[in-house]
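Please read these numbers as outputs of a predicted model, since none were measured by experiment.
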Amino acid sequence: MDYLDIRTLHVTRVVLSISLFVLRSALQLAGIKWRQQKWLRITPHLIDTVLLGSALWLSMLLHQYPFVNAWLTAKLLALLAYIAIGREVLSEKASRRRSALALGAALTCVT
């Protein structure tokens, strides 16, 4: 695979990952029991695994690494914040208000 193929794979997985996160968040906020749908529990992990793999592949291909390149360090830190905040959005224990606020914060991390 060349650079454009890997980048396309990566960007496609970014869009799919965020879209599924928004879908699960919307279902959560609507009070719909989405965890009963096996595909909604498993698919995000598969997509995110490919997403991480393609990110590492691009990083090695371009010789750009976190903690060496400032933009990539910022991107990595934003990703970690997105994951931490996203856990709060999808938490069964969080109130709707707290989940909605966390959703806004999580989506801010990916913009």
Apply side chain to side chain donor-acceptor pair (under 3.5 Å) to Ser54 and list each qualifying residue two or more places apart in sequence or on a separate chain. His10
Got a sec, which pairs hit salt bridge (Lys or Arg N to Asp or Glu O under 4.0 Å) with one end in residues 22-33, sequence neighbours left out? none
Inter- and intrachain pairs under salt bridge (Lys or Arg N to Asp or Glu O under 4.0 Å), touching residues 98-111, at least two apart: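 Matches after skipping sequence neighbours: Glu88-Arg98.
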Tell me, yes or no, whether the heavy-atom count around Arg87 atom CZ, taken from other residues, nucleotides or ligands under 6.0 Å, exceeds 12.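 Not more than 12 within 6.0 Å, no.
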Could you tell me which non-hydrogen atom of Val89 sits nearest to which non-hydrogen atom of Ser99, and how far apart they are? O-OG, 3.1 Å
Kindly write out the residues that satisfy side chain to side chain contact (heavy atoms under 4.5 Å, CB included) with [X], not counting sequence neighbours, or none if the list is empty.
{"X": "Thr8", "result": "Thr12"}
{"X": "Ser91", "result": "Lys93, Ala94"}
{"X": "Ile32", "result": "Leu27, Ala30"}

Do Leu51 and Leu16 have side chains that get closer than 4.5 Å, going by heavy atoms?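 No. Closest side-chain heavy atoms not under 4.5 Å.
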Using side-chain heavy atoms (C-beta onward) and a distance below 4.5 Å, is Leu40 in contact with Leu23? yes
Linking directly or through intermediates, with side-chain heavy atoms under 4.5 Å: list the remaining ILVMFWY members grouped with [X], chain and number order.
{"X": "Ile42", "value": "Leu46"}
{"X": "Val15", "value": "none"}
{"X": "Leu62", "value": "Met1, Tyr3, Leu4, Ile6, Trp57, Leu58, Leu61"}

With sequence neighbours excluded, give me every ring pair (Phe, Tyr, Trp, His ring centres under 6.0 Å) pair touching residues 62-85.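 Applying ring pair (Phe, Tyr, Trp, His ring centres under 6.0 Å) to every pair that reaches into residues 62-85, excluding sequence neighbours, yields Phe21-Tyr82.
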Main-chain N/O of Leu29 paired with Arg96 side-chain donor or acceptor, under 3.5 Å: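 Looks like yes, one N/O pair under 3.5 Å.
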Looking at Asp2 and Asp5, would you say the former's side chain and the latter's main chain have a donor-acceptor pair under 3.5 Å? yes
Taken in chain and number order and not counting sequence neighbours, the residues that satisfy salt bridge (charged side-chain N to carboxylate O under 4.0 Å, His left out) with Arg35 are Glu92
Going by salt bridge (charged side-chain N to carboxylate O under 4.0 Å, His left out), name the residues that satisfy it together with Arg7, two or more places apart in sequence or in a different chain. none
